[in-house]
Visitor: 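Structure provided below as structure tokens; questions to follow.
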Protein chains: 2
Amino acid sequence: MDFSIGELAKRTGVKVPTIRYYEKEGLLDAPLRTQGNQRRYRAQDLDRLGFIRHCRDLGLPMPAIRDLIDLGQHPDKPCREADRIAATQLQSVRERIAHLRKLEAELERITASCKGGHTVTDCNVLKAFGDHSLCRDEHAAPTKA
Amino acid sequence: MDFSIGELAKRTGVKVPTIRYYEKEGLLDAPLRTQGNQRRYRAQDLDRLGFIRHCRDLGLPMPAIRDLIDLGQHPDKPCREADRIAATQLQSVRERIAHLRKLEAELERITASCKGGHTVTDCNVLKAFGDHSLCRDEHAAPTKA
DNA sequence: CTTGAACCTCTAGTCGCTATAGGGATTACA
DNA sequence: TGTAATCCCTATAGCGACTAGAGGTTCAAG
């Protein structure tokens, strides 16, 4: 019926300190304790932690997960908000991909410029790292919105 | 000839506290100071900071930048190391892209599952966030090597 | 000579954990 | 019942790469 934090960790693949951290951050409810002050969890905590873990794997930041959990507690609310969170995350993922693809292109160009020139003095790689004007594109990190 | 930290910031687009941080971390040499203890920079510092900034824009972690700078100070060394750093970074960028593309696919699927079902009770988006078995692929974050 | 902008150092906060220290609880087995 | 192994507890500090703020000093222009 009840199980320890170690059991919960084993069943979900989430590490023990991380579980305690989620509790402190309010993503997991504080569970009952034994007389000796140890946490004892139930099936519903397993579900909740599985939800959190999947959201984290999908890259959602913790405030977004908090919002989704709150939403899950109010079954009558419209699910527009959940959809908005998913869409926002999708957009952010796409922006990060776009940025990384530019980096990929520049880094390809930079590594290709190494003709085995042997010493640092005439090293195109070092030159390329130093000089943005050699780049085809802008590629500065996006100011996170 | 010499200029202040604010000037250096303006010319490179790197913020003043960040410049001080780079100095503390050993990426920038400690510059000369005025009698009143204010930093005064020269052209070479501008070049160095430009190099650092471009590397950061390309996503290089600070230890890699440190290595490149060290390398630049020893013109006789082979540039193999610089090439290796670039190649490593390229690989890491490619891995991150691969991961994000999986997330993108799952998030597309999740957002598409919202048929405007109106309330949370029958919200496919929330279900999808909670249940990895609905996903087509593995998409957990890669354990960073 | 005064004003106001720019500078100084130091500390703490960001995010999502992870690691460690220094202890107490539980469980399995003899 | 004793004891040893393994678990669990709290609290604090660290990661990377900055950013923000407090509280005080110096510089440059008028």
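We name chains A, B, ... by the order of the sequence lines, and we start the count at 1 in each one.
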Visitor: Is it true that B/E106 and B/R136 make a salt bridge, defined as a side-chain N closer than 4.0 Å to a carboxylate O?
Guide: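 No, this pair does not count.
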Visitor: From A/L32 CG over to A/Y41 OH, what is the distance, rounded to the nearest 0.5 angstrom?
Guide: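 The OH atom of A/Y41 is 10.5 Å from CG of A/L32, to the nearest 0.5 Å.
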Visitor: OP1, OP2 of D/dC9 versus side-chain N and O of A/R40: anything below 4.0 Å?
Guide: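 It does not, given that no N or O in the side chain of A/R40 lies less than 4.0 Å from OP1 or OP2 of D/dC9.
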Visitor: Is A/T34 close enough to D/dC8 that one of its side-chain N or O atoms is under 4.0 Å from OP1 or OP2 there?
Guide: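 No, A/T34 has no side-chain N/O under 4.0 Å of OP1/OP2 on D/dC8.
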Visitor: Rounded to the nearest angstrom, tell me the gap between atom CD1 in A/I5 and atom C1' in C/dA25.
Guide: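 Distance check: A/I5 CD1 to C/dA25 C1' gives 14 Å.
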Visitor: Would one find a side-chain N or O of A/Y22 under 4.0 angstrom from OP1 or OP2 of C/dC17?
Guide: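 Yes, A/Y22 has a side-chain N/O under 4.0 Å of OP1/OP2 on C/dC17.
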Visitor: Please pick, from D/dT10, C/dC17, C/dC7, the nucleotide with the shortest atom-to-atom distance to any side-chain atom of A/N37.
Guide: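 My answer, after comparing the listed nucleotides, is D/dT10.
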Visitor: Does a nitrogen or oxygen in the side chain of A/R39 sit under 4.0 Å from OP1 or OP2 of D/dT10?
Guide: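 For A/R39, the contact criterion (side-chain N or O under 4.0 Å from OP1 or OP2 of D/dT10) is met.
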Visitor: Please report the distance, rounded to the nearest Å, between CZ in B/R33 and P in C/dC8.
Guide: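 Taking CZ of B/R33 and P of C/dC8, I get 6 Å after rounding.
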Visitor: Output the distance between atom CE (B/M62) and atom CG (B/L27), rounded to the nearest 0.5 Å.
Guide: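 Reported value, rounded in 0.5 Å steps: 4.0 Å.
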Visitor: Once you round it to whole Å, what is the distance between P of D/dT19 and CD of B/E25?
Guide: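 Distance check: B/E25 CD to D/dT19 P gives 14 Å.
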Visitor: OP1 or OP2 of C/dT18 sitting under 4.0 Å from any side-chain N/O of A/K15?
Guide: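 Looking at the OP1 and OP2 atoms of C/dT18, one of them is under 4.0 Å from a side-chain N or O of A/K15.
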Visitor: Check the distance between C/dT11's P and B/K24's NZ and give it to me in whole angstrom.
Guide: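 Nearest whole value for this atom pair: 10 Å.
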Visitor: Please report the distance, rounded to the nearest Å, between CE in B/M62 and C1' in D/dC15.
Guide: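 Answer to the nearest Å: 13 Å.
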Visitor: Between B/Q35 and B/Y21, which residue's closest nucleotide on DNA chain D lies nearer the 5′ terminus?
Guide: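 The residue mapped nearer the 5' terminus is B/Y21.
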Visitor: Hey, is the side chain of B/R56 poking within less than 4.0 Å of OP1 or OP2 on D/dC18, counting only N and O atoms?
Guide: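 For D/dC18, OP1 or OP2 has a side-chain N or O of B/R56 closer than 4.0 Å.
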Visitor: Can you find a side chain N or O atom of A/R20 that sits less than 4.0 Å from OP1 or OP2 on C/dG16?
Guide: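 Answer no for this pair, as no side-chain N or O of A/R20 is under 4.0 Å from OP1 or OP2.
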Visitor: Using atom CD1 of B/I19 as one end and atom P of C/dA6 as the other, report the distance to the nearest whole Å.
Guide: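 Taking atom P of C/dA6 as the reference, CD1 of B/I19 is at 14 Å.
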Visitor: I'd like to know if A/D131 and A/K127 make a salt bridge, using a cut-off of under 4.0 Å between side-chain N and carboxylate O.
Guide: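 No, A/D131 and A/K127 are not salt-bridged.
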Visitor: Can you measure A/R53 atom CZ to C/dG16 atom P for me and round it to whole angstrom units?
Guide: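 Going from A/R53 (CZ) to C/dG16 (P), I get 16 Å.
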Visitor: Rounded to whole angstroms, how far apart are CD1 on B/I52 and P on D/dC18?
Guide: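 Taking atom P of D/dC18 as the reference, CD1 of B/I52 is at 10 Å.
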Visitor: Tell me whether the guanidinium CZ or amine NZ of A/R11 lies under 6.0 angstrom from the six-membered ring centre of A/F3 and within 45° of its axis.
Guide: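 Cation-pi check for A/R11 and A/F3: passes.
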Visitor: Looking at A/T18, I'd like to know whether one of its side-chain N or O atoms comes within less than 4.0 Å of OP1 or OP2 on C/dT18.
Guide: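 For C/dT18, OP1/OP2 do have a side-chain N/O of A/T18 under 4.0 Å.
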Visitor: Does A/S4 place a side-chain N or O at less than 4.0 Å from the phosphate oxygens OP1/OP2 of D/dC7?
Guide: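 For D/dC7, OP1/OP2 do not have a side-chain N/O of A/S4 under 4.0 Å.
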